[in-house]
Amino acid sequence: MHAKVKEIGEGIKSMKIRGAGKIARAAAEALKYFAMEYEGEEAEFQTELEKVSNYILSTRPTAVSLRNAVYYVLNRINGDTLDEKKTSIVKNAEAFISMSLESVKKIGKFGAERIRDGSTILTHCNSSAALEVIIQAHRSGKDIRVFNTETRPWLQGHITSRALSKEGIDVTMIVDSAVRYFMRDIDIVIVGADTIASNGAVINKVGTSQVALVAHEARVPFLVAAETYKFSPETVIGKLVEIEERPAEEIAEPKDFPGVKFRNPVFDATPPDYIDAIITERGIISPYLAYQIIKEVMQFGVES
Ligand code: RUB
């Protein structure tokens, strides 16, 4: 396997590179490096490209952004000669990466409009898109406070707390199970997404659906910040979103608990009924418009 591709693949598997947007951009970058540095035979290029793509696709199962990034690059390859194809892959990968980064900025801009001055925001896990909304609201001069969950077992909440504190935002970290206790102090919840299904269900870090349920009970608006490449064309053709289950060791040391079984699903699905809006780079939409987004933006560009 190509060294840089392997490094990126291992980075995604080990979660050194994590978050649906970052893994999508890393996937595009892996294909770019492969194309740039390919020195093999022209006749073997296609087979090698497929191997590399399949390897990248196998790194993590839940975030559709990873697959959408790979198909974005592959479906737009043009040219007849090897050099033309290689150049086209590099161009496509770069176009995906800049589109992705611009989308996050736009989401931040649109989402920040929804944050009222004086608000207390709750977020779960570590989402660059959700953070961008919060940070842009703060930078526009709004006086905000944030509560963020520590996010067991991987503690992505630590990354969130540090990032917000570095921005000078008033941030309080709480344990995941304290969400209902604090919901009375929260004005708005903002989270990210790994995948949005055609029925508008949002798949995000495990615990998101509990946060949504509690917000729904307390009538606190629940918003999702997600680029449109997190919408899943695969779900239109009947595929279910695979929920990644990670090793028990992330929860505790199993040998210290003889006879105890562990389960560690790391994502869950929040039904659209609990979601007030999804902030995309194309605007703020109802979760029930998911099918429309998939149809227009993704053009069902799925390899089935
Ligand atoms: C990360 C997670 C994030 C989404 C969105 O899970 O659930 O909320 O990926 O993130 P993990 P972003 O840590 O297991 O990858 O907005 O940065 O794409």
Side-chain angles (χ1 to χ4, degrees), residues 19-22 24-25 65 98-149 157 159-161 163-172 179 182-196 200-202 204-205 208 211-212 214-216 218-231 270 272-294 296-297:
K22 287 200 183 82
R25 292 191 290 274
S65 54
S98 50
M99 175 275 283
S100 163
L101 294 170
E102 276 165 31
S103 298
V104 174
K105 292 279 169 225
K106 272 192 201 157
I107 288 170
K109 186 167 174 278
F110 297 153
E113 295 291 329
R114 292 291 295 264
I115 311 288
R116 290 208 177 94
D117 193 25
S119 293
T120 302
I121 304 161
L122 172 72
T123 189
H124 179 58
C125 193
N126 176 253
S127 153
S128 323
L131 279 191
E132 189 64 29
V133 171
I134 297 169
I135 289 171
Q136 287 206 32
H138 169 74
R139 287 187 185 166
S140 72
K142 286 176 184 163
D143 171 31
I144 55 168
R145 269 159 306 288
V146 179
F147 278 71
N148 87 275
T149 56
I159 309 170
T160 300
S161 292
L164 293 172
S165 164
K166 206 170 139 214
E167 268 294 318
I169 297 173
D170 179 336
V171 57
T172 306
V179 163
F182 285 109
M183 193 52 81
R184 70 181 80 127
D185 302 323
I186 305 298
D187 298 299
I188 190 164
V189 179
I190 304 175
V191 297
D194 284 84
T195 292
I196 300 171
V202 166
N204 190 48
K205 181 54 54 196
T208 300
V211 176
V214 170
H216 185 73
R219 295 181 191 270
V220 171
F222 184 93
L223 268 62
V224 175
E227 306 87 294
T228 53
Y229 58 82
K230 291 173 181 166
F231 286 71
T270 300
D273 317 22
Y274 297 160
I275 300 165
D276 290 279
I278 302 179
I279 310 159
T280 79
E281 76 278 11
R282 298 200 141 209
I284 301 183
I285 62 162
S286 152
Y288 295 106
L289 281 177
Y291 173 77
Q292 199 67 21
I293 289 284
I294 295 170
E296 282 171 20
V297 184

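Small disclaimer: the values here were computed from a predicted structure and weren't measured.
The heavy-atom pair separating Ala137 from Ala112 by the smallest distance is N-CB, 3.6 Å. Smallest separation of non-hydrogen atoms from Ala24 and Tyr229: CB-CE1, 4.0 Å. Between Pro272 and Gly200 the shortest heavy-atom distance is CB-O, 3.8 Å. Across all their heavy atoms, Glu281 and Ala226 have their closest contact at OE1-O, 4.3 Å. A pairwise comparison of heavy atoms in Ala225 and Ala129 identifies O-CB, 3.6 Å as the closest pair. The shortest non-hydrogen separation linking Ser128 to Val104 is O-CG1, 4.1 Å.
Judged by distance alone, the side chain of Ser119 and the main-chain N or O of Ile121 form no donor-acceptor pair under 3.5 Å. Formation of a donor-acceptor pair under 3.5 Å by the Ser65 side chain with backbone atoms of Ala20 is found in this model. The backbone N or O of Cys125 lies less than 3.5 Å from a partner atom in the side chain of Thr160, making a donor-acceptor pair. Although no hydrogens or angles enter the test, the distance criterion places a donor-acceptor pair under 3.5 Å between the side chain of Arg145 and the main chain of Gly118.
Interatomic distance, OG of Ser127 versus CD1 of Ile107, reported as 8.5 Å (0.5 Å rounding). Between Leu122 atom CG and Ile190 atom CD1 the span is 9.5 Å, to the nearest 0.5 Å. With rounding to the nearest 0.5 Å, the separation of CD in Glu296 from CZ in Phe231 is 11.5 Å. The CG atom of Leu223 sits 5.0 Å away from the CZ atom of Arg114 when rounded to the nearest 0.5 Å. From Asp276, atom CG reaches atom CD1 of Ile284 across 11.5 Å, with rounding to the nearest 0.5 Å. Rounded to the nearest 0.5 Å, atoms NZ (Lys230) and OG1 (Thr280) are 11.0 Å apart.
Residues Arg282 and Val297 meet the side-chain proximity criterion, which asks for heavy atoms closer than 4.5 Å. For the pair Asn126 and Leu131, the minimum side-chain heavy-atom distance is below 4.5 Å. Thr123 has its side chain out of reach of Val189: every pair of non-hydrogen atoms, C-beta onward, lies at least 4.5 Å apart. A 4.5 Å side-chain heavy-atom check between His138 and Lys142 finds every atom pair outside the cut-off. Asn204 places none of its side-chain heavy atoms less than 4.5 Å from the side chain of Val224.
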Given Phe182 and Thr149, is the side-chain contact (heavy atoms from CB on, under 4.5 Å) satisfied, shown in steps? CA-CA 11 Å; Phe182 285 109; Thr149 56; over 6 Å; no

With salt bridge (Lys or Arg N to Asp or Glu O under 4.0 Å) as the criterion, how do Lys109 and Glu132 come out once you've worked through the C-alpha distance, each side chain's angles and the decisive distance to 0.1 Å? CA-CA 8 Å; Lys109 186 167 174 278; Glu132 189 64 29; over 6 Å; no

Could you please spell out the steps behind the side-chain contact (heavy atoms from CB on, under 4.5 Å) verdict for Ile279 and Val133? CA-CA 9 Å; Ile279 310 159; Val133 171; 4.3 Å; yes

Kindly indicate, with the supporting measurements, whether the criterion side-chain contact (heavy atoms from CB on, under 4.5 Å) is fulfilled by Ile134 and Ile169. CA-CA 9 Å; Ile134 297 169; Ile169 297 173; 4.0 Å; yes

Can you check side-chain hydrogen bond (donor to acceptor under 3.5 Å, both in side chains) on Asn148 and Ser161, steps first, answer last? CA-CA 7 Å; Asn148 87 275; Ser161 292; 2.6 Å; yes

Give the C-alpha distance, both sets of side-chain angles, the deciding distance and a yes or no for side-chain contact (heavy atoms from CB on, under 4.5 Å) between Leu101 and Arg25. CA-CA 9 Å; Leu101 294 170; Arg25 292 191 290 274; 3.5 Å; yes

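A salt bridge is absent between Lys106 and Glu227; no separation between the charged side-chain nitrogens and carboxylate oxygens falls under 4.0 Å. With respect to Lys105 and Glu102, no salt bridge is recorded, no charged nitrogen being found less than 4.0 Å from a carboxylate O.
For an aromatic pair to be called close, the ring centres must be under 6.0 Å apart, and Phe222 with Tyr274 fails this.
A side-chain contact (heavy atoms from CB on, under 4.5 Å) with Ile196 is found for exactly one of Thr228, Ile278, Thr270, namely Ile278.
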